Amino acid sequence: MRLRISRTTWPRPALVLTDTPRPCCPDCQGKGGHAVDYGDHNGEYAGTDWWPCPCWDDTRRWTLLPLPRRRRRTGWRDPWGTGGYSNEPPF
């Protein structure tokens, strides 16, 4: 098991400890799986399937630290000015 710290946003912002694929895996060469393109009956590209490699479990994760949600500032005002403008003459 190779662990790394990453940030997630779902279901809540948090720092999580996740498992990563083995870099020396002979099956996936450290990518964690295989991407297989497929087509429709006319031979046109229709999408890509992802087949995970057994060297990696992408559901293995542990929450280390929940992060606070960012709040948006609305109506920000300069605390030293009146209405955002200074009423003192320039020197």
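All values below come from the heavy atoms of this structure, side chains included, with hydrogens, waters and symmetry mates left out. Bear in mind that the values here come from a model prediction, so they are computed numbers and not experimental data.
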Peer 1: For residues 24-39, which side-chain donor-acceptor pairs fall under 3.5 Å, sequence neighbours excluded?
Peer 2:
{"unit_1": "Gln29", "atom_1": "NE2", "unit_2": "Pro26", "atom_2": "O", "d": "3.1"}
{"unit_1": "Asp37", "atom_1": "OD1", "unit_2": "Thr48", "atom_2": "OG1", "d": "2.9"}

Peer 1: Would you tabulate the side-chain donor-acceptor contacts of residues 58-67 under 3.5 Å, counting partners in other chains and residues two or more places apart, or write 'none'?
Peer 2:
{"unit_1": "Thr59", "atom_1": "OG1", "unit_2": "Asp57", "atom_2": "OD1", "d": "2.7"}
{"unit_1": "Thr59", "atom_1": "OG1", "unit_2": "Asp57", "atom_2": "OD2", "d": "3.4"}
{"unit_1": "Arg60", "atom_1": "NH1", "unit_2": "Asp19", "atom_2": "OD2", "d": "3.4"}
{"unit_1": "Arg61", "atom_1": "NH2", "unit_2": "Asp58", "atom_2": "O", "d": "2.7"}

Peer 1: Looking at every non-hydrogen atom in both residues, tell me the closest pair between Ala46 and Asp40 and how far apart they are.
Peer 2: CB-N, 3.9 Å
Peer 1: Would you find more than 12 non-hydrogen atoms of other residues, nucleotides or ligands less than 6.0 Å from Trp50 atom CH2?
Peer 2: yes
Peer 1: Enumerate the salt bridge (Lys or Arg N to Asp or Glu O under 4.0 Å) contacts for residues 2-11, please, sequence neighbours excluded, ordered by first and then second residue.
Peer 2: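 Passing the test, one end in residues 2-11: no pairs.
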Peer 1: Does Asn42 reach the main-chain N or O of Glu44 with its side chain, forming a donor-acceptor pair under 3.5 Å?
Peer 2: no
